[in-house]
Each structure stands twice: as C-alpha cells, then as structure tokens.
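What you see below is based on every heavy atom in this structure, not just the backbone, and it leaves out hydrogens, waters and symmetry mates. In the text below, chain A, chain B and the rest are named by the order of the sequence lines, each starting its count at 1. As the structure is a prediction and not an experimental result, all values here were calculated from the model.
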Protein chains: 2
Amino acid sequence: MDQKTTRDPAMTDVARLAGVSHQTVSRVLNDHPNVREQTRLRVRAAIKELGYRPNRAARALVTGKTQLIGVVAQNSTLYGPASLLSAFEEAAGEAGFAVSVGRVKVLDRESIAAAVERHRDQRVAGIVVIAPNSSAADALADVPAELPLVTVDGDPERATPLVTVDQGVGAYDATTHLLDAGHQTVWHVSGPTDWFDAAGRVQGWRRALELHDREVPPVMAADWSASSGYRAGQMLARMPEVTAVFASNDHLALGVLRAMHERGRRVPHDVSVVGFDDVPEAAYFIPPLTTVRPDFAAVARETLGLLLEQVSEGESARPRRTIAPVLVQRESVAPPA
Amino acid sequence: MDQKTTRDPAMTDVARLAGVSHQTVSRVLNDHPNVREQTRLRVRAAIKELGYRPNRAARALVTGKTQLIGVVAQNSTLYGPASLLSAFEEAAGEAGFAVSVGRVKVLDRESIAAAVERHRDQRVAGIVVIAPNSSAADALADVPAELPLVTVDGDPERATPLVTVDQGVGAYDATTHLLDAGHQTVWHVSGPTDWFDAAGRVQGWRRALELHDREVPPVMAADWSASSGYRAGQMLARMPEVTAVFASNDHLALGVLRAMHERGRRVPHDVSVVGFDDVPEAAYFIPPLTTVRPDFAAVARETLGLLLEQVSEGESARPRRTIAPVLVQRESVAPPA
DNA sequence: ACCGATGATGTTAGCGATAACACCCGTCAG
DNA sequence: CTGACGGGTGTTATCGCTAACATCATCGGT
C-alpha cells in the first residue's frame, strides 16, 4: 500500500524469489565456485528483477572492511595537486573503490591528523596523503602503522611508501635545455622551500649547472603564485647578465614573463624562460611557454597500485615509485642575444 | 597475547568499563537527554580511555542512513568546477559529512547515470551533480525522486533544486563596465554553447547591450580553452572597430590577450578586455585582467544547505539559490583610443 | 499513603550481510 | 556393497549498533 515505506530489497527477498537460501545468493554475489550454473542464473535473474543492490554497510559490518579510500589533500586549486586528485579519483573509481576526500585548510600536523582521524572513523581501507611539504610529512608519524598509507609528493627521505614525480630529472632537463641553447648559466625562481617538489627542482637545477661547470646563481625563493614570480622577475629583469630563467612552476613563470615584459626585456629574444607543470593555458602565455610536463595520471595509477598492494598483502616490497616528466618545447627559449 | 588480532573496542567494551549497559553508551554518543550527568562523564571517560570509535557501518545498517554525500563531477581541472568541488568538500567536512567523489570522463547521460548508480550502491544520503551542460542535465531525469539531489551550475529551466552563480548579473556588470568606459559596443567570446554558464553569460551581455541601445555583434563561439580564445582573438584583432571584448572566462581572455599582442593591438590602450572567474593568476596576465569573481565558497555552502534540507525535511521550499558575483577591476580596461 | 508521571537505565530484537558448520547426495576406490 | 570424499545447498551465529519496550526508583499531588 504505502509505497514510500517499502524498503529496498534485501538478500532474503532475492533468495525467496529465486527459491534458494540467502547464503546461496551471497555465494553468487561473491563468485564462490560451488554454485550450480543453473542456480547462479536463477539468482542473477531474481537480482535483476528486484533491482537488488547489496548493502555495503552490512557487508562492511561483518567483514570489517570497506571499499573506501580516504584522501587527504590541501584545500587549494593549485594545478598539480588538483590534477593528481582528479586522476586518482578516476583511477580508484575504475577499480571499484569509492574515494572520500578530506580537505585541509593548512598542511600542519594537527589538521592532517584530524583529517586522518575522520577517515579512520569511516573505516577506510587505506589512506592517501598528498603531503608536499615537511609539516605534512611530519604529521604522518601519527598514522598508525596498520593502516595502509601511501604518500604522494611526500618526503623522499622518509620510509613511507611514496609516489612522486621525478622533480630532479625534470629540473635537470629544463636547465640543460637552456644551457644547450647557449646560455652561460640559468637562474632559478623556486617554489616554497619547505615543499619537496620545490626542493627537488632546486636540486635538479643545481646538479645540471654543476655537471656543466657553470656558476650557480643564488636561488630566488618565492611561493607558487604568479604574484611572487612577478616580484622575483622584477629583480631578475634589472640584472642584464640574466639571460635564462627556470621557474619552479608555470604560474611563477607567468609572473616572470610579465616582469620582463614591463621592463622591456623580450622573451625569448633577451631572456629565455622555462616553467614546470604544463598547465593547459601555458601554450597561450606571451610567448608560449616551454615547460616540463608531469604525468599525473601515471602518478595516480601507481599510487592506487601501491595502496591496494598494501591492503591485500600487508606490506609492499617496492615502496617507492617515481614518474619521469617530459620537457615540452614551445617558444620561450632561444639562444642568448 | 596476539596484539594484531585484538579487535577495535566496541560499544560493549566501553559499557563494561563504565559499568553501564551498551545502550547507555549509545545514548551518550547520540546526546539523548535522559542520561545522568555523572553517568555521562563516566562513559565519556571510558570512551577516551579505550580510544573507542563508533562503527559507522553498524550504525548505517540499523538506521538505514549514511553520513556520506556523493558528488558527480567531470574529470577536468577547469578552474570553476575544481574550486567549487574543493569548497564543497570543505563545507561538508565541517558539517560532519564525508564526501565521495565520482569522476566522469564525459558529461553524457550514460556516464552520469553510472556514477549516480555507484553512489546509490554506497547508500549516500544525497547527491550533488555538477551538471554544467544540457547532456548532464538530461541525465538527471534518471535519478529517482526519493534521492536528495542538488544540481550545481545546472539548467535554470529545470525543476531540480539548483545552486548557481548568477552568470547574467556578472556578464551584465562586465559589459556595462566596458560601456561606461566609453566603448560603443562590446564583443563577446563565449564558452561552449551547450554550457549553461556560457549561455547565461551570453544573455547577460546581450541584455546590457540592448538596455543601452547598442549594436549586438555576433557571438564568437569557443570552448573554455586559452587556445580557442586565441583563435577568436585573432579574428577580433583584425577588425579595427573592435575596441572592447568580454570573454566568458579568464583563459579565453588570456588567449585574446595574446592574439591582440601578436597583432600589435595594445591592451587596454587599443582594446579593452574583461574575463570571468578571477583565476589566481589573472592579476599577472599582461596586462592584469579585469574580471568577474564568483564566490565558490558561497555556492558550496548553499549547495550543502539545500541538500541537507532535503535530507532532513524531505522537500525544500526554496529549491533555487543564486550567488551574485563581483566585478574585479584591474588594468585591462580603458576608454577607447 | 497511594498513584500516575517522569527520569534513568537495562533487555531484547532486529538491520543485512558473511562465516562456519551441517547436511544431503552422488561418485569412486577398496 | 560400503565408506570416504566433495560439490551444492541450507542453517545458525555473529558483526556493532539503534529502536522499542521493560523495569525500577523518585517525586509531586490528592
């Protein structure tokens, strides 16, 4: 009578319709071998007819496991983290896992610990933490060892399973590309120094210069914003000896481009610039930006793989994966004047 | 003995330690009134001592409700949707809800229906669909009426509860701002025509021109990319009568800026440009971009509010909320030469 | 001093699945 | 012919919680 009150069909309803016990329905659902083919078909038909959908809460209650993965990420729209998250959600979805995202305003120990706790409340099967700076990495010490955990963009020195873009290689390639174009040396506008990504890029840049026996100019420290890139660019633009700049991300590069433009220094004629990230609009900067493209989808896949290994096997043998980025050449690099 | 096997404490463990029944523990947890203060404190102490955390699966099983909200969003890093999502996750987290994100590669009916089904499998309390174009909006017809649903950036003509930025007002303000600067008329580079956001902005732009009795130039249709903005810009740059352009988002505007630059048309001296979104780097375009800033956090809050109203009260009285954006003036607008 | 109302607590019965075990029935080796 | 074996199925217990009802003391009103 009352349509609203009729509850969703449960396993016993399917069993009754198919003329079997609910346990047999459960067996069909979980692909147990010992079910006669004919029975299996009958149960499948009943499931379909009733529009039955298994109750995950009930399953989770008895098995003690969920199909949920928790992700802790900063509440920012920085291109890198956002791309990573999006790619991870897609990968996890395809593998049949739901992803619960816990956003954190600042990457301090307390906030991250709280987000991790919320995920544990939900009894997630595992956790992914996008922990790009040291305070975030420190917070991971609080995570209990029995909870499967993978860190992305985290501390390379730490023992936790980690997936990350190979910042060093990307920065090395970018710098070498500028040297190959004929520049004496390359200046660097760095991201925040407590970010591992930024630190890795600084190292790759320095290694490239040292390997080619070039002078290593002082690092221009900035945050990730176009605004700070602009400020760094204003200083660089005033120094005539600066002919090549490697910026730690594309938005910093954008700020540098604007500073150069305002100062009348043409890019790439007077100064060459390389960025990092390959944001979609980088090809439409003035001029189109040569940059380094990380493969976020690959990072996401590896992250999921590493996590699922831990979920099923306990411990993983190779707890570290690095994804090499690719240099994308556009029009912001030229030989020095 | 075996530490690994010791299971998490359950309600009965807390009850035993506190010397009460498990039901009393449940009452304390759910803030039922009829519990003596002293008992309450004793239970709280026991909870803390054991590190007890309620099992959500068990609760969901008996109540038939979860504290999970499903979000369906496209797998893109477009600034608007990404900001919205991030803001929503934060708002929901603060309200004690977990957010499960289902990413969809393309916004067609089938993909969205599948994503909604996955969320229903999880027995989410409600669903938010970021449905910015008509195919996405069509897919919502498949969502069963009893499932609380809020659409964001969806079809204004449809009856589903909807929260959206007031595109019309934003576009109207942008256009009027250009007219007020002295321009005869304003050209428009539009986003994809099947997106409601884009359509709303076209309408606002047209309304402003008509209200001021100006000629309405043909719409330059594009997608959201800097690349397509560049192509549209190349055409506009060739027409000397074009002195003011309103682009449907900041990346389109970026493409327009580059096209103008290449053609030797100075912004804002020869041509004024206004964008939409206020992406963080817009202040560092060449020149800094005047644009329209939507309040994504407000959209997120309203969305959550509308959804929770439906969850608790069944139906909502005011199923439509619109958030007015704000014009941000920078340096890309000037009187015509 | 008795009664019903009220507050504080305990007891019992599920929610919907899986796990463990029991059972029935053929088949096949001895 | 019999008993061990194993495939196919059913029965029962259980996960951790909340809902509903039961119980018992306390208390104010007549």
Taking atom P of D:dG7 as reference, at what distance in whole Å does atom CG of A:Asn34 sit? 5 Å
So do the side chains of A:Arg158 and A:Thr151 get within less than 4.5 Å of each other, counting heavy atoms only? no
Expressed as a whole number of angstroms, how long is the span from A:Asp13:CG to C:dC15:P? 10 Å
Rounded to the nearest Å, what distance is computed from the CZ atom of residue A:Arg36 to the C1' atom of nucleotide C:dG26? 12 Å
If I take atom CZ in residue A:Arg42 and atom P in nucleotide D:dG8, what distance separates them, rounded to the nearest angstrom? 14 Å
Do A:Pro156 and A:Thr164 come close enough that some side-chain heavy atom pair is under 4.5 Å? no
Look at A:Glu37 together with A:Arg42 and state whether they make a salt bridge at an N to O cut-off of under 4.0 Å. no
Using OP1 and OP2 only, check whether a side-chain N or O of A:Thr24 sits under 4.0 Å from D:dG10. yes
Under 4.0 Å between a side-chain N or O of B:Thr39 and OP1 or OP2 of C:dA8? no
Charged N to carboxylate O under 4.0 angstrom, A:Arg103 versus B:Glu90? no
What is the distance, rounded to the nearest whole Å, between atom CZ of B:Arg16 and atom C1' of C:dT9? 18 Å
Assess whether a salt bridge exists between A:Arg16 and A:Asp13, defined as any Lys/Arg side-chain N lying under 4.0 Å from an Asp/Glu carboxylate O. yes
Kindly give the atom pairs (protein nitrogen or oxygen, nucleotide nitrogen or oxygen) under 3.5 Å for nucleotides 16-19 of chain D.
{"unit_1": "D:dG16", "atom_1": "N2", "unit_2": "B:Ala58", "atom_2": "O", "d": "3.4"}
{"unit_1": "D:dC17", "atom_1": "OP1", "unit_2": "B:Tyr52", "atom_2": "OH", "d": "2.3"}
{"unit_1": "D:dC17", "atom_1": "OP1", "unit_2": "B:Asn55", "atom_2": "N", "d": "3.1"}
{"unit_1": "D:dC17", "atom_1": "OP2", "unit_2": "B:Met11", "atom_2": "N", "d": "2.4"}
{"unit_1": "D:dT18", "atom_1": "OP1", "unit_2": "B:Asn30", "atom_2": "ND2", "d": "3.1"}
{"unit_1": "D:dT18", "atom_1": "OP1", "unit_2": "B:Arg59", "atom_2": "NE", "d": "3.0"}
{"unit_1": "D:dT18", "atom_1": "OP1", "unit_2": "B:Arg59", "atom_2": "NH2", "d": "3.3"}
{"unit_1": "D:dT18", "atom_1": "OP2", "unit_2": "B:Ser26", "atom_2": "OG", "d": "2.6"}
{"unit_1": "D:dA19", "atom_1": "N7", "unit_2": "B:Gln23", "atom_2": "NE2", "d": "3.1"}
{"unit_1": "D:dA19", "atom_1": "N6", "unit_2": "B:Gln23", "atom_2": "NE2", "d": "2.2"}

Between the side chain of B:His119 and the main-chain N/O of B:Ser100, is any donor-acceptor distance below 3.5 Å? yes
